[in-house]
> 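Got a structure here, written out as structure tokens. Questions coming.
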Amino acid sequence: MYRSHSRNAFERFMKIFSPMLLLYRCHHCNWRGYMFRRFRSQSRFAFWMTLLGVIVGGVAGIAAGWFILLRFVEVLLGR
């Protein structure tokens, strides 16, 4: 397993708002995913920032999905 660079906006967002998760890649099977960073002493701040990043990312994804869906329906109905 080796550290991997972020490739898209979601991965950059996770990098900023999730200090406990790091992006890794396997050179053998080409798997890419997140693994927890090992802290000597796990801080509460890092835990809450990770939780906040997951919640904000989920809410933003749902909001963007609804926005796109509503715009698509408006275009289909001609409004």
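Residue numbers start at 1 and run along the sequence shown. Just so it is clear, the model here is predicted, and its values are computed rather than measured. The figures here come from the full heavy-atom set of this structure, side chains too, leaving out hydrogens, waters and symmetry mates.
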> What residues, two or more places apart in sequence or in another chain, satisfy side-chain contact (heavy atoms from CB on, under 4.5 Å) together with Val54?
none

> Tell me, please, which residues at least two apart from Ser4 pass side-chain hydrogen bond (donor to acceptor under 3.5 Å, both in side chains).
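Applying side-chain hydrogen bond (donor to acceptor under 3.5 Å, both in side chains) to Ser4 gives Arg32.
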
> Does anything in residues 52-62 form a salt bridge (Lys or Arg N to Asp or Glu O under 4.0 Å)? List the pairs, not counting sequence neighbours.
none

> Considering residues at least two apart in sequence or located in another chain, which fulfil the side-chain contact (heavy atoms from CB on, under 4.5 Å) criterion with Tyr34?
Phe10, Glu11, Met14, Leu21, Leu23

> Would you please name every residue forming a ring-ring contact (aromatic ring centres under 6.0 Å, His included) with Phe13, sequence neighbours left out?
Phe17

> Which residues pass the side-chain contact (heavy atoms from CB on, under 4.5 Å) test with His27, not counting sequence neighbours?
Tyr2, Arg25

> Applying salt bridge (Lys or Arg N to Asp or Glu O under 4.0 Å) as the test, list every pair that has at least one member in residues 47-59; sequence neighbours left out.
none

> Applying salt bridge (Lys or Arg N to Asp or Glu O under 4.0 Å), which residue pairs with at least one partner in residues 53-73 are found, sequence neighbours left out?
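Only Arg71-Glu74 qualify under salt bridge (Lys or Arg N to Asp or Glu O under 4.0 Å).
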
> If hydrophobic residues (ILVMFWY) are linked whenever their side-chain heavy atoms come closer than 4.5 Å, directly or via other members, who joins Leu76 in its cluster?
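Phe72, listed by chain and number.
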
